[in-house]
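Just so it is clear: chains get the letters A, B, ... in the order the sequence lines come, proteins before strands, and each one is counted from 1.
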Amino acid sequence: MQFKEATKYRTNYCGTLSAEDVGSRVTVSGWVAKRREHGEHLAFVDLRDYTGIIQCVVDGSVDVRSEYVLSVTGTLSKRPEGTVNDKISTGEVELTDCEVEIISNSDTPPVPLDEYSYSEESARLKYRYIDIRNPRMQRNLRLRSAMNASLRQSMIEQGFVEVETPLLWTPTPEGAREFVVPSRRQVGSFYALPQSPQIAKQLLMVGGVDRYFQIARCLRDEDLRADRQFEFTQLDIEASFVDEIDVMGFISKALKKTVSDLLGIEDIDIEKITWLESMRSYGVDKPDLRYDLKIHDISEYFKDTEVNALKAESVQAIVVKGGAEFSRKRLDDLVKRAIELGAKGLLWLKVVPDGESISFDSPISKFLKEKDILGFKESLNLSASDLVLVISGQWRASVEVLGAIRSELGKELYLNSEAKGNNRELKFVWVTEFPLFDGLDDSGNPISAHHPFTMPHSQDLDLLETEPLKVRSSAYDLVCNGWELGSGSIRIHSREIQEKVFKSLGLSIQEAQEKFGFLLDAFKYGAPPHGGFAIGLDRLVALIAGEDSIREVIAFPKTQSGADLMTGAPGEISGLLMRELGIKFSKELHGGQRVKSEKEAFS
RNA sequence: GGACCUGUAGUGCAGCCUGGAGUGCACGUCGGCCUGUCAAGCCGAAGGUCGCGGGUUCAAAUCCCGUCAGGUCCGCCA
């Protein structure tokens, strides 16, 4: 541990004291982790700081309690024979002849801090300042700081320049719901807190910054999850005169350095698959590659089947090794889950031994014809005790439902089982060639999958006007263990292509001008080809720390309903302030519910 | 907006299905004893709006309805 200069309160950190320095007089400060009294002649006080714990031996009783803040000066001594504690880093030594100064006392903490206790998250969040003393939070926050330092260093080494962009930006019509800030100087107008510095960084490219990065806070007023908070942090980058390969290279390099610096894992492997491959094999655009459990397209074997449930545009299956032992209830739950996820149903077939061969135990067994059975066997390479899960219907919907089931089964069978070692593995993958558009809106216009400035794939430009939904883009995601870590793209720098894309989106030039005028104007004055990326740092550090929720790597996170249990936020503001801002609150208005149109908003 | 899980002492839980006095466990807290403990030990004590509101019942922590809070997920997150 890196020793800092001594202060009045401290010559050393608790957890760093070792047998090497025995004999010296040291001063440590920290919190009382434990006190053990042995009558009036002897007491032990375990003092804790973020580096660890040191045992202080006090001759006589000492009036301290858990979480009192002490400064202790004592002689670093070897522990007597037979009293070494090998559970702590300082277990060979202790402080003797202690002078104890009580700096602060403490009430009994409402959340216990020892490693054997676990409190409910709501209690931890209400008393976050105590919870942060916990070694787990200390480790996570320090890991995060080290990650930021490592990424920042890597970006600077790669010629990037750190530029700060405004938090008070102008409202942008597309994308996530924005947090807004009322303007006092122009009553009735609002700033918006940025969903990301997307447009700002593109303007920096026009400005000749060449390579920009920022550890940027992004804000989106959308519902919260284990991996989503209102505000989150991204390593945001943008570079000029680059293509996809270059951008992925910058990020890969930074990522490899960070994983090496933080975990000591050198040169991690980052796989690469296209969006289409990912959807086909995993049913999601953020595949978890820690386990196989791939989706198989078995449509061709059931073209002329007589089984009603298999008559469909597509038939997709996953094979669960050893799944034949699932109970009936378990299988019913899977069917229920599939229906909940939007499938019409889910077929299951247990593979059971049948003499030398195998046969199926399934609700549809008696409807299966010889050639159906052959189809399953040939295409899926089955063996006894397997379980086959089948969904039929439209291709996209089928693989998506199966993909969701795959990920739930994968977590249970491969990550939380005895093979839990897998859990700490990091499987990074680039997902490339995302479609440019994702579905149609209510007026029948395509919807941007990424954002409207994403460059279409060079081979698909001709399809823009004819078959827009088939157009691939230059957008790519970075995925790790089933988490979307970030995304990026090459941007359109040609007015001609930009106009074509707007046209496909159903936006007239005038509308586009109204919405993104300042960006389009900027592009009139010499826009370099450029592209960029953003990695979600809350998610990255959670993965590195082995945490399932990003709340564990954020000092003061909010609950799922968007509350801060410690401060009580969101809170009310004074009537005075509201008047200054020209704001009036009306309980009759929709209050939190999604409002889909201007008409609805003012009805 | 929707589905599911959870809410009992400062903390973590059991009790709930099958209603019968706040019945209980562990940690912590407080007091006493204790000169080598280390999740110290031994003895004793205090500590409860069973989230909140309503209903059913002779009787509700327990059953029913509503509501609030926390969590997981769907929708949402260009």
Side-chain angles (χ1 to χ4, degrees), chain A residues 33-46 53-61 65-67 79-88 90-91 94 96 107-127 130 172-178 195-196 198-199 218-230 232 333 336-337 339-342 400-401 404 407-408 411 434 436-439 441 446-454 473 475 484 487 489 505 515-516 536 548-549 551 558-561 563 565 590-596:
Chain A
K34 273 287 178 197
R35 175 200 55 155
R36 293 176 294 281
E37 280 207 76
H38 292 249
E40 54 187 295
H41 299 293
L42 176 68
F44 300 98
V45 174
D46 289 343
I53 282 172
I54 182 73
Q55 173 169 279
C56 307
V57 185
V58 180
D59 301 317
S61 64
R65 298 287 187 272
S66 286
E67 302 309 318
R79 291 198 186 188
E81 189 96 30
T83 63
V84 168
N85 180 358
D86 51 20
K87 284 183 207 152
I88 58 173
T90 60
E94 62 190 8
T96 54
D107 289 353
T108 302
V111 284
L113 277 164
D114 62 281
E115 56 190 302
Y116 306 94
S117 306
Y118 185 82
S119 300
E120 242 180 40
E121 200 176 350
S122 52
R124 294 175 54 206
L125 290 180
K126 182 167 180 190
Y127 300 98
I130 303 173
T172 9
E174 309 276 316
R177 190 191 286 110
E178 294 174 314
Q195 313 163 26
S196 79
Q198 180 60 38
I199 293 176
C218 306
L219 299 109
R220 298 180 186 173
D221 188 0
E222 298 290 350
D223 288 354
L224 285 61
R225 289 282 197 288
D227 62 351
R228 277 163 32 189
Q229 286 271 306
F230 284 152
F232 58 99
D333 285 347
K336 225 165 82 188
R337 182 69 181 137
I339 289 167
E340 194 179 301
L341 289 165
E400 280 179 351
V401 173
S407 108
E408 284 166 24
K411 272 193 195 97
F434 267 71
L436 189 64
F437 304 113
D438 188 18
D441 66 17
I447 303 163
S448 281
H450 189 56
H451 57 63
F453 318 113
T454 306
S473 73
E484 183 193 321
S487 60
S489 66
L505 288 167
K515 290 183 172 185
F516 311 107
D548 290 331
S549 162
R551 292 187 299 273
K558 292 183 178 54
T559 66
Q560 197 162 46
S561 65
L565 297 181
H590 299 265
Q593 289 182 34
R594 183 159 287 272
V595 181
K596 287 190 177 133

Undergrad: Just to confirm, is there a sub-4.0 Å distance from OP1 or OP2 of B:G12 to any side-chain nitrogen or oxygen of A:S117?
TA: no

Undergrad: Suppose you measure atom P in B:U6 against the same atom in B:C64; what distance do you get, rounded to whole Å?
TA: 13 Å

Undergrad: Using a cut-off of 4.0 Å between protein heavy atoms and nucleotide atoms, how would you tag nucleotides 28-35 of chain B 5' to 3' with B, S and -?
TA: SSSS--BB

Undergrad: Using whole Å, what does the distance between atom P of nucleotide B:C73 and atom CG of A:L224 come to?
TA: 11 Å

Undergrad: Does NZ belonging to A:K126 count more than 12 external heavy atoms closer than 6.0 Å?
TA: no

Undergrad: In whole angstroms, how far is the P atom of B:G75 from the CG atom of A:D438?
TA: 12 Å

Undergrad: Hey, is the side chain of A:E81 pairing donor to acceptor with the base of B:G36 inside 3.5 Å?
TA: no

Undergrad: Rounded off to whole Å, could you give me the OH-to-C1' distance for the A:Y127 and B:U11 pair?
TA: 12 Å

Undergrad: Using the closest heavy atom to pick a nucleotide of RNA chain B for each, name whichever of A:V111 or A:A226 lands nearer the 5' end.
TA: A:V111

Undergrad: RNA chain B: A:D223 or A:S561, which has the more 5' nearest nucleotide?
TA: A:S561

Undergrad: Quick one: is A:K336 getting a side-chain N or O under 4.0 Å of the B:C4 phosphate, OP1 or OP2?
TA: no

Undergrad: Between A:R36 and A:D46, does at least one N-O distance fall below 4.0 Å, as a salt bridge requires?
TA: yes

Undergrad: Could you give the distance separating B:A9 and B:A14 at their P atoms, to the nearest angstrom?
TA: 12 Å

Undergrad: Can you tell me, in whole Å, how much space there is between the P of B:G44 and that of B:G24?
TA: 16 Å

Undergrad: Kindly point out which of B:G36, B:C77, B:U37 is positioned nearest to the side chain of A:E222?
TA: B:C77

Undergrad: Expressed in whole Å, how much space separates the C1' atoms belonging to B:C42 and B:C5?
TA: 42 Å

Undergrad: Select base, sugar-phosphate, or nothing to describe what A:Q55 touches, counting heavy atoms under 4.0 Å on all strands.
TA: base

Undergrad: Supply the atom-to-atom distance A:T172 OG1 to A:E178 CD, rounded to the nearest 0.5 angstrom.
TA: 4.0 Å

Undergrad: Just name whichever nucleotide pairs with B:U67, Watson-Crick or G-U, keeping both distances under 3.5 Å, else none.
TA: B:G51

Undergrad: Can you tell me, in whole Å, how much space there is between the C1' of B:G54 and that of B:C43?
TA: 47 Å

Undergrad: Would you mind pulling out the nucleotide paired to B:C17, Watson-Crick or G-U wobble, both distances under 3.5 Å?
TA: none

Undergrad: Paired with B:A26: which nucleotide, if any, by Watson-Crick or G-U wobble criteria at under 3.5 Å for both distances?
TA: B:U11

Undergrad: Rounding to an integer number of angstrom, what distance separates B:A59 and B:A69 when you compare their P atoms?
TA: 32 Å

Undergrad: Does A:E408 pair with A:R337 as a salt bridge, N-O distance under 4.0 Å?
TA: yes

Undergrad: Just to be sure I understand the rule, does A:A123 reach a base, reach only the sugar-phosphate, or reach nothing, if contact means heavy atoms closer than 4.0 Å?
TA: nothing

Undergrad: What does B:C76 pair with, Watson-Crick or G-U, if both distances are under 3.5 Å?
TA: none

Undergrad: So that I can tick it off, tell me whether A:E37 and A:R35 are bridged by a salt bridge, with the cut-off set at under 4.0 angstrom between side-chain N and carboxylate O.
TA: yes

Undergrad: Whole-Å distance between B:A26 P and A:Y116 OH?
TA: 19 Å

Undergrad: Would you say that more than 12 heavy atoms from the other residues, nucleotides or ligands in this model lie under 6.0 Å from the CD of A:E40, or not?
TA: no

Undergrad: What distance separates A:Q198 CD from A:C218 SG, expressed to the nearest 0.5 Å?
TA: 10.0 Å

Undergrad: Under 4.0 Å, heavy atoms only, any strand: does A:E484 hit a base, just the sugar-phosphate, or nothing?
TA: nothing

Undergrad: What integer distance in Å separates A:R225:CZ from B:G2:P?
TA: 14 Å

Undergrad: Round to the nearest Å and state the distance from A:R337 atom CZ to B:U72 atom P.
TA: 14 Å

Undergrad: Could you tell me whether the phosphate oxygens of B:U37, OP1 or OP2, come under 4.0 Å of any side-chain nitrogen or oxygen in A:R36?
TA: no

Undergrad: Charged N to carboxylate O under 4.0 angstrom, A:E222 versus A:R228?
TA: no

Undergrad: Could you tell me how far apart A:I130 (CD1) and B:G10 (C1') are, to the nearest whole angstrom?
TA: 11 Å

Undergrad: For B:G41, give its Watson-Crick or G-U wobble partner with both distances under 3.5 Å, or none.
TA: B:C33

Undergrad: Tell me what A:P80 touches on the nucleic acid: a base, only sugar-phosphate, or nothing, going by heavy atoms under 4.0 Å.
TA: base

Undergrad: Can you tell me how far P of B:G71 sits from CZ of A:R228, to the nearest Å?
TA: 14 Å

Undergrad: Under 4.0 Å from OP1 or OP2 of B:U72: is there any side-chain N or O of A:R551 that close?
TA: yes

Undergrad: What distance, rounded to whole Å, do you find between the two P atoms, one in B:U23 and one in B:U29?
TA: 26 Å

Undergrad: In terms of side-chain heavy atoms of A:S119, which of B:U11, B:C38, B:C77 is nearest?
TA: B:U11

Undergrad: Just verifying a value: how many Å separate A:Y127 OH and A:L113 CG, rounded to the nearest 0.5 Å?
TA: 13.0 Å

Undergrad: Heavy atoms only, 4.0 Å cut-off, all strands: where does A:L565 land among base, sugar-phosphate and nothing?
TA: sugar-phosphate

Undergrad: Quick check: does any side chain N or O of A:T90 sit under 3.5 Å from a backbone N or O of A:I53, one acting as donor and the other as acceptor?
TA: yes

Undergrad: In whole Å, measure the gap between the C1' atoms of B:C13 and B:C50 for me.
TA: 13 Å

